[in-house]
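Scroll down for the structure; my scribbles are underneath it.
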Amino acid sequence: MNDQRKTKRQLIQELEALRRELDAQTPAAGPAKGPGPLTCDPGQLFRSFMNNSVSAIFATDRQGRLIIVNKVAEALLGKPECEVVGKSPADLFPRDQADTHWADKQRVMDTGRPMRKEEVFALNGERRTFLTSLFPLCGQDNEILGVGGISTDITERKKTQDDLEKLKTAVEQTIDGIAMADLDGTLTFLNKAFAKMHGFEHAQGLLGRHLSIFHTPEQLENEVLPFKRKSVEHGAHSGEIWHKRVDGSLFPTHMTSSLIRDERGEPMGLVTVAQDITEGKGLREELQKAHDRLEIRVKKRTQELEEANSRLRAEYQERLQAEARYQELFNNAPIGVFQADLDGRILNVNAEGAKMLGYSSPEELMRGLARGGEQEHACLQRLIQGFRLALDTGELKNFDYLSRKKNGDLIWICANVRKTLDGHSKRRYLDAFCSDVTERKKAEEHVQTLGRELLTAQETERQRMARELHDNVAQDLSSLKIAFGTLLDDQPKASATVAKRLANISSLLEKAIRSIRDLAYGLHPSGLERLGLAGALSKHCRDASAANAIPIEISCAGLDGLRLASNTEINLFRLAQEALNNAVRHSKAERINVRVAASFPNILLRIEDNGIGFDVRKRPAEALREQRMGLKNMRERVGLLGGDLEIRSLKGRGTLLTISVPYMGA
């Protein structure tokens with residue numbers, strides 16, 4: 001606090017020194033006029049100057065601590081002087097503002113030059129804008145003792161500037177021509193639209209010129225000057241005036257002029273808004289011609305309407321007959337037909353629809369719905385969901401859903417839903433055409449069961465063949481290799497040629513043994529039962545990566561301790577094997593990622609590469625033409641497992657293959 005008082009004292013001493021220097025420079029000749037010399041305390045004068053200023057005045061020492069604040073600064077800070085003197089910006093402002101204040105003061109002290117900036121403060125709950133000037137406070141030896149500052153509230157000025165900018169933008173961007181001239185007709189302002197309307201590219205070059213450049217002498221004498229006199233006499237006037245473009249062509253305008261007055265209320269000029277009405281004037285002429293033509297057409301149309309009225313009466317009778325035929329078709333349709341409003345409420349049902357759900361008549365079903373019967377709503381719940389799905393696209397094709405009949409029996413229904421418009425009432429409805437597909441569903445389930453059994457039989461046969469190749473053929477070849485290797489053990493004098501041939505035969509046998517073992521592993525991965533799906537896939541990825549020099553990363557989640565049914569494991573392994581084979585052979589990828597995750601009730605398998613990609617829509621036709629069956633076989637295998645396969649690929653961006661297969665455990 002002693003350092004702060006010392007700094008205040010130094011500032012007051014500097015102010016007194018400046019006053020004495022000013023008195024010394026005042027001429028001494030002649031008698032003194034006016035008030036006598038300053039007799040009040042300089043410190044009191046300085047404090048009066050501070051507290052009566054409309055701006056916030058403050059001073060800080062070199063450490064940024066406040067040493068002087070006036071009343072306005074106290075109001076800004078929201079605290080009295082005794083609570084802020086000695087405080088640094090970090091004590092009075094949030095961190096970001098404090099850092100900014102200190103950086104500004106440090107800059108002034110480092111450069112020794114003043115600076116100016118705009119700042120925003122909250123005053124009495126209102127955000128106010130201040131223009132702040134910062135300047136160094138120097139001692140007698142020009143040593144910088146601190147920083148002084150003056151902040152002036154410029155909120156209203158900023159608002160005025162913003163309003164003027166908005167007004168300027170509006171005037172410049174309006175399509176109406178706006179111009180101002182003094183009472184002698186000299187242009188003082190015009191916007192771009194006014195200049196462009198008269199064929200000038202720029203408005204600035206027209207300032208200071210007489211408005212006669214926009215009119216012929218006859219127009220000026222007969223139209224413009226009388227128009228101006230009326231505007232001055234009445235304060236405003238509007239009407240149609242012809243103007244002249246820079247190329248000499250004439251065009252009509254609708255012009256409004258208003259008198260401008262100075263601060264004393266004296267007329268000083270006119271502001272004019274002009275609109276090019278060339279098109280509108282032509283339209284009025286055309287309108288009159290059209291009116292004449294309309295009179296003729298009305299008479300003719302009246303006759304046509306009388307004839308049309310007769311036809312409408314005949315069409316109405318035909319419509320009644322058509323509706324009767326439609327009602328008959330609706331009632332006797334061989335499939336179930338349901339009609340609902342756009343909220344999914346069932347409005348009507350035919351006899352076949354009621355019979356499909358186990359009701360004796362449509363009336364019985366509709367009565368159950370009317371009284372809020374739970375059984376009826378349960379029968380139609382999934383169909384109502386189909387109605388809501390159809391609202392987005394306008395139709396829903398082959399919507400298969402499982403429902404219950406009135407007696408509780410399960411039934412599969414295939415519905416085709418569409419949004420229709422009643423031509424008579426103009427109301428929109430949802431129509432559903434439903435068929436009982438229970439037998440078809442049973443047949444599909446039977447086909448899937450047979451397909452799964454076929455896959456199981458194939459894998460069983462592969463396993464048998466793999467075991468036969470490994471245990472018999474490979475073992476026999478190994479024995480034969482050993483026999484060839486020891487054939488010359490009791491023939492020490494055998495020629496080198498014979499020995500070389502036997503070595504070649506042994507080498508060929510070794511290759512045959514490896515091929516037989518690779519074939520056996522391909523037919524049935526022996527590690528699948530021992531290592532499980534995660535271990536077998538990891539080993540396969542390592543082998544494929546080493547064999548093809550392509551980095552293949554694999555991660556498995558949720559498979560620890562999880563034992564799947566054998567057919568699920570082997571089929572997932574086959575799917576991953578085929579997908580990796582396709583990526584290695586065709587994608588030209590530099591990296592392949594394999595992800596396996598168990599998320600009950602599904603196993604998710606993702607194979608992603610950064611290869612050349614392909615057009616997914618064109619691929620089936622290309623595969624058929626090139627006699628490739630890989631993707632087709634994969635889709636069939638996934639379908640037989642009751643799963644889903646999704647392929648996303650972009651040319652040059654790689655391919656992502658996602659397989660989801662349900663599992664029920666081992």
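One is the number of the first residue; the rest follow in order along the sequence.
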### Query
Do Ile550 and Ser545 pass the side-chain contact (heavy atoms from CB on, under 4.5 Å) test, and can you show the C-alpha distance, the side-chain angles, and the key distance before you say yes or no?
CA-CA 5 Å; Ile550 298 177; Ser545 177; 5.5 Å; no
### Query
Quick check: are there more than 12 heavy atoms from other residues, nucleotides or ligands sitting under 6.0 Å from NZ of Lys355?
no
### Nearest-0.5 Å distance that lies between atom CD in Glu352 and atom CZ in Phe338
9.5 Å
### Message
To check you understand the geometry: which heavy-atom pair defines the closest contact between Asp276 and Thr278, and what is its length?
### Response
OD1-OG1, 2.6 Å
### Query
Quick one: are Arg653 and Asn610 in side-chain contact, heavy atoms under 4.5 Å?
no
### Message
As a quick check of understanding, evaluate side-chain contact (heavy atoms from CB on, under 4.5 Å) for Leu380 and Leu357, giving each step before the final call.
### Response
CA-CA 9 Å; Leu380 296 170; Leu357 295 176; 3.6 Å; yes
### Message
Atom CZ of residue position Arg595 - does it have more than 12 heavy atoms of other residues, nucleotides or ligands inside 6.0 Å?
### Response
yes
### Message
Regarding Arg648 and Glu646, does a basic nitrogen lie under 4.0 Å from an acidic carboxylate oxygen?
### Response
yes
#### Entry: Interatomic distance, Met356 atom CE to Leu365 atom CG [nearest 0.5 angstrom]
11.5 Å
### Query
So, Ser649 side chain and Gly654 main chain: donor-acceptor pair closer than 3.5 Å or not?
yes
### Task
Mind running side-chain contact (heavy atoms from CB on, under 4.5 Å) on Leu645 and Thr658 for me, showing each step along the way?
CA-CA 6 Å; Leu645 183 146; Thr658 304; over 6 Å; no
### Query
Nearest 0.5 Å, what's the CZ-CZ distance between Arg297 and Arg293?
8.5 Å
### Query
Any salt bridge between Arg301 and Glu304, counting N to O under 4.0 Å?
yes
#### Entry: Sub-4.5 Å side-chain heavy-atom contact between Lys300 and Ile296
no
### Message
Between Asp176 (side chain only) and Gln275 (backbone N and O only), is there a donor and an acceptor less than 3.5 Å apart?
### Response
no
### Task
Answer yes or no: is there a donor N or O on one side and an acceptor on the other, between the side chain of Thr438 and the main chain of Trp412, under 3.5 Å?
yes
### Asp162/Lys166 ion pair, N-O < 4.0 Å
no
## Note on the structure
Output for pair (Asp292 CG, Leu294 CG), nearest 0.5 Å, gives 9.5 Å
### Task
Quick one: pull up CE in Met366 and CG in Leu347 and give me the separation to the nearest 0.5 Å.
7.0 Å
### Query
Between Asp431 and Val417, is any pair of side-chain heavy atoms under 4.5 Å apart?
no
### Query
Hey, are Asp609 and Lys588 close enough for a salt bridge, meaning a charged N less than 4.0 Å from a carboxylate O?
no
### Query
Do Ile659 and Val661 come within less than 4.5 Å of each other through their side chains, counting heavy atoms only?
yes
### Query
For Leu410, does the CG atom sit with more than 12 other heavy atoms under 6.0 Å from it, leaving out its own atoms?
yes
### Query
What are the two closest heavy atoms between Leu342 and Leu430, and how far apart are they?
CD2-CG, 4.2 Å
#### Entry: CD (Glu307) with more than 12 external heavy atoms under 6.0 Å
yes
### Query
Tell me, do Leu396 and Asn416 make a side-chain contact under 4.5 Å, heavy atoms counted?
no
### Message
Taking side chain to side chain contact (heavy atoms under 4.5 Å, CB included) as the criterion, tell me which of Val596, Ile603, Val638 meets it with Leu572.
### Response
Ile603
### Query
Can you tell me if Ser435 uses its side chain to pair, donor with acceptor, with the backbone of Val437 under 3.5 Å?
no
## Note on the structure
Nearest heavy-atom contact between Leu537 and Phe573 is CD2-CD1, 3.7 Å
### Task
State whether the number of non-hydrogen atoms from other residues, nucleotides or ligands found under 6.0 Å of Lys196 atom NZ is greater than 12.
no
### Query
Considering only heavy atoms from C-beta outward, does the side chain of Phe614 approach that of His586 to under 4.5 Å?
no
### Task
Check the pair Thr655 / Ile647 against side-chain contact (heavy atoms from CB on, under 4.5 Å), numbers first and verdict last.
CA-CA 7 Å; Thr655 301; Ile647 301 174; 4.2 Å; yes
### Message
Is it the case that the side chain of Ser587 and the backbone of Ile612 share a donor-acceptor pair, with hydrogens and angles ignored and the cut-off at 3.5 Å?
### Response
no
### Task
Please answer whether the main-chain N or O of Leu305 pairs with a side-chain N or O of Asn309 as donor and acceptor at a distance below 3.5 Å.
no
### Task
Considering only NZ, NE, NH1 and NH2 on the basic side and carboxylate oxygens on the acidic side, decide whether Asp409 and Lys405 come within less than 4.0 Å.
no
#### Entry: Heavy-atom check, side chain of Val337 versus side chain of Val349, under 4.5 Å
no
### Message
Could you check whether Arg440 pairs with Asp400 (Lys NZ or Arg NE/NH1/NH2 to Asp/Glu carboxylate O, under 4.0 Å)?
### Response
yes
### Message
Could you check whether any side-chain N or O of Asp615 sits under 3.5 Å from a backbone N or O of Leu650, counting only pairs where one atom can act as donor and the other as acceptor?
### Response
no
### Message
Salt bridge check, Glu364 against Lys406: does any charged N sit closer than 4.0 Å to a carboxylate O?
### Response
yes
### Message
How long is the straight-line distance from SG of Cys541 back to CD1 of Ile592, given to the nearest 0.5 Å?
### Response
8.5 Å
